[in-house]
Amino acid sequence: MPGVGQSAESFRLLWQHRLSDYVSALAWSADGQWLAAASAQGELVVVQAGTDGFLSEENWIFTLPSAQAEAISGIGFSADSRMLAAAGQAGTVTLWAMDAPDFPQIRQRSYPGIWIDRLAWHPLKNQLAYSVGKDCYLWDAAADRLVAQLNFQASSGLHLAWHPQGERLAVSGHGGVKVWSAADWAAEPTLIQVPGASLYAAWSAEGRYLASGNLDRTLTVVEWGSPPPWFMQGFPGKVRCLSWSDSPTKSGSPLLAAACAEGITVWERTAQPGGGWRSQVLQQHRGTVNAIAFQPRTQLLASAGLDGLVCLWPQGGHVQTLKGLTAGSSGLSWHPSGQLAVAGSAGELMVWTRNRRGVGFG
C-alpha cells in the first residue's frame with residue numbers, strides 16, 4: 001500500500017457564488033488569474049482571481065448571454081491564458097479573448113445538430129482539440145485554421161488527453177485508446193486495446209505513463225515505449241475518472257487515483273525493477289465519485305461525489321470533508337497555487353483555501 005504519515009491539511013471556505021443551474025464545467029487558467037464556470041442553462045461566468053487565488057464578488061467580469069440557454073459541457077483556457085474556449089449542446093466551439101477590453105468573442109466553429117462535450121488545449125501551444133462525433137479536430141486558434149482531423153472510426157471520442165509536452169494526443173473510445181503523434185498527424189495511431197471502451201485517459205506529469213479507465217471495470221496503465229500494459233481488475237463498476245500526482249513518492253513513482261462507484265483506489269508502482277503496482281482503497285463517499293484531482297506539487301487528493309461530499313485525503317489518512325453543497329458535487333479544479341474550486345449540481349460555486357500546507361500520500 002502507498003505509505004502514510006501523520007500530518008493533515010485543513011481547508012476553509014474563501015469565496016462562494018451561485019449559478020442558476022447545475023455547474024457543468026469548471027476551469028482555472030494556467031497563470032491562475034481566471035476562474036471560469038459554466039452551467040446546464042448555458043451560463044458562462046469568469047472571475048478575475050489573481051495569482052494568489054483571491055476572489056471577491058466585485059471581480060465578476062463576464063457572463064455569456066442567457067439567451068443561449070443551451071448546456072455548456074466543456075470549457076478551458078489556452079496555454080497562455082489569453083483565450084477561453086467553450087463548447088456544448090449548441091454544436092459550437094467558441095473562443096473569447098481574455099486580454100482585450102470587454103472580453104469579445106473572437107472565433108467560432110459550428111457543427112449543427114452535434115453536441116460537443118470534449119475539448120482540450122495543447123499544453124504549450126494555442127492549439128485546441130475537440131471531439132465531434134467520431135472525429136477529433138485540431139484547431140490552431142491563433143491562426144484560425146484546422147491543423148488535422150483525426151477519425152477514431154470505432155466510436156465517438158469519449159475523452160481527450162494531451163501528452164504533457166504536447167508530443168501526442170490520446171483519444172478514448174470503443175476498443176481502447178488511440179494515440180496520435182504530433183510529428184505526423186496523418187500516420188496511423190498507436191492503439192492501446194481494451195476489451196470494452198476506454199472512458200477516460202490520463203498521462204502522468206512527466207509523460208512516462210498513460211492510464212485508461214475502462215467501461216469493463218478495469219484500469220489499464222502503459223509505460224510509453226515499454227509494452228505490454230498492466231491491467232488492474234476487480235473494480236465494482238466502470239472506472240469513470242483518473243488523476244496522476246505530479247509529485248513522485250519515495251519509490252520514484254507518481255500516484256494514480258482511479259474513481260469507481262463510491263470508492264477511490266490509489267496506485268503506486270513498486271521500486272523494484274520490473275515491479276508492479278500496489279493499491280490503497282479510500283472509502284468515505286456514499287454516492288458515486290464523479291471527480292478526483294491531486295493538488296499541484298503535492299500528493300493531496302480531492303474527490304467530489306453525487307452525495308454532496310467533497311473529501312480531502314491527506315497523508316495521515318484522516319479525511320477532511322468540505323461542506324456547504326445543498327445537493328451533489330458536479331466537479332472540482334485546483335488553482336495552480338493550491339486553492340480548490342468546487343462545483344455543485346444545485347449551481348453552487350465555491351473556492352476553498354488551505355490553512356496550512358500538507359504533503360499528501362507518500
Side-chain angles (χ1 to χ4, degrees), residues 24-25 27 38 42 68 70-79 83-96 105-203 210-215 220 238 240-242:
S24 53
Q68 176 103 356
E70 293 181 280
I72 295 174
S73 303
I75 59 176
F77 290 94
S78 59
M83 288 182 282
L84 173 66
Q89 185 180 5
T92 59
V93 182
T94 306
L95 303 181
W96 289 268
Q105 179 181 310
I106 55 172
R107 304 272 192 276
Q108 188 174 80
R109 288 186 173 265
S110 298
Y111 304 86
I114 300 177
W115 192 321
I116 303 172
D117 58 0
R118 299 293 178 189
L119 57 80
W121 285 97
H122 189 287
L124 303 176
K125 303 176 182 178
N126 287 339
Q127 189 176 103
L128 183 68
Y130 57 92
S131 185
V132 181
K134 294 182 179 181
D135 292 317
C136 177
Y137 291 90
L138 302 183
W139 182 17
D140 182 335
D144 192 17
R145 66 181 182 88
L146 287 178
V147 175
Q149 180 177 345
L150 314 175
N151 185 264
F152 195 86
Q153 296 182 333
S155 72
S156 298
L158 302 179
H159 192 252
L160 308 174
W162 283 100
H163 183 276
Q165 283 75 52
E167 298 170 358
R168 302 174 183 88
L169 178 67
V171 183
S172 294
H174 182 73
V177 184
K178 290 186 177 182
V179 183
W180 277 269
S181 172
D184 185 359
W185 294 117
E188 281 295 310
T190 299
L191 173 63
I192 301 169
Q193 195 167 13
V194 303
S198 169
L199 303 178
Y200 196 106
W203 294 93
L210 176 61
S212 170
N214 305 321
L215 183 64
T220 307
K238 61 185 179 182
R240 54 192 306 123
C241 53
L242 305 170

Next on the checklist: Please give me the minimum heavy-atom distance between Gly166 and Pro123, naming the atom from each residue.
Outcome noted: N-CG, 3.6 Å
Checklist entry - Could you give the distance from NZ (Lys178) to CG (Leu169), rounded to the nearest 0.5 Å? => result 13.0 Å
Checklist entry - Which atom pair, heavy atoms only, marks the closest approach of Ala170 to Trp203? => result CB-NE1, 3.9 Å
Next on the checklist: Is any side-chain heavy atom of Arg118 closer than 4.5 Å to one of Ile116?
Outcome noted: no
Validation: residues 152-160 side-chain donor-acceptor distances under 3.5 Å, sequence neighbours left out:
residue : atom : partner : partner atom : Å
Ser155  : OG   : His174  : N            : 2.8
His159  : ND1  : Ala201  : N            : 3.2
His159  : ND1  : Ala201  : O            : 3.2

Checklist entry - Does any non-hydrogen side-chain atom of Gln108 lie less than 4.5 Å from one of Val93? => result no
Checklist entry - From Thr92 OG1 over to Gln105 CD, what is the distance, rounded to the nearest 0.5 angstrom? => result 8.0 Å
Item to check | side chain to side chain contact (heavy atoms under 4.5 Å, CB included) against Ala85, all qualifying residues, sequence neighbours excluded | outcome: Leu95, Leu119, Trp121, Leu128
Checklist entry - After noting the C-alpha distance and the side-chain angles of Arg168 and Trp162, does the key distance pass the side chain to side chain contact (heavy atoms under 4.5 Å, CB included) rule? => result CA-CA 6 Å; Arg168 302 174 183 88; Trp162 283 100; over 6 Å; no
Item to check | OH on Tyr130 to CG on Asp135, rounded to 0.5 Å | outcome: 10.0 Å
Checklist entry - Does the pair Thr94 and Arg107 meet the rule for a side chain to side chain contact (heavy atoms under 4.5 Å, CB included), with working shown? => result CA-CA 6 Å; Thr94 306; Arg107 304 272 192 276; over 6 Å; no
Next on the checklist: If we count only N and O atoms by modelled type, under 3.5 Å, do the side chains of Ser212 and Thr220 hold a donor and an acceptor together?
Outcome noted: no
Item to check | Over all atoms of both residues, closest heavy-atom pair of Ser172 and Val177 | outcome: OG-CG2, 4.0 Å
Check residues 137-147 and write down every donor-acceptor pair under 3.5 Å in which the side-chain atom is one partner and the other belongs to a residue at least two apart or another chain.
residue : atom : partner : partner atom : Å
Tyr137  : OH   : Gln149  : NE2          : 3.4
Trp139  : NE1  : Asp144  : OD1          : 3.1
Asp140  : OD1  : Ala142  : N            : 3.2
Asp140  : OD1  : Ala143  : N            : 3.1

Next on the checklist: Under the rule for side chain to side chain contact (heavy atoms under 4.5 Å, CB included), what residues qualify as partners of Ala38, not counting sequence neighbours?
Outcome noted: Ser24, Ala25, Leu44, Ile72, Ile75
Item to check | Set of side chain to side chain contact (heavy atoms under 4.5 Å, CB included) partners for Asp117, sequence neighbours left out | outcome: Ser73, Trp115
Which pairs would a plain distance check flag for residues 179-196, meaning a side-chain donor or acceptor within less than 3.5 Å of a matching protein atom at least two apart in sequence or in another chain?
residue : atom : partner : partner atom : Å
Ser181  : OG   : Ala183  : N            : 3.2
Asp184  : OD1  : Ala186  : N            : 3.2

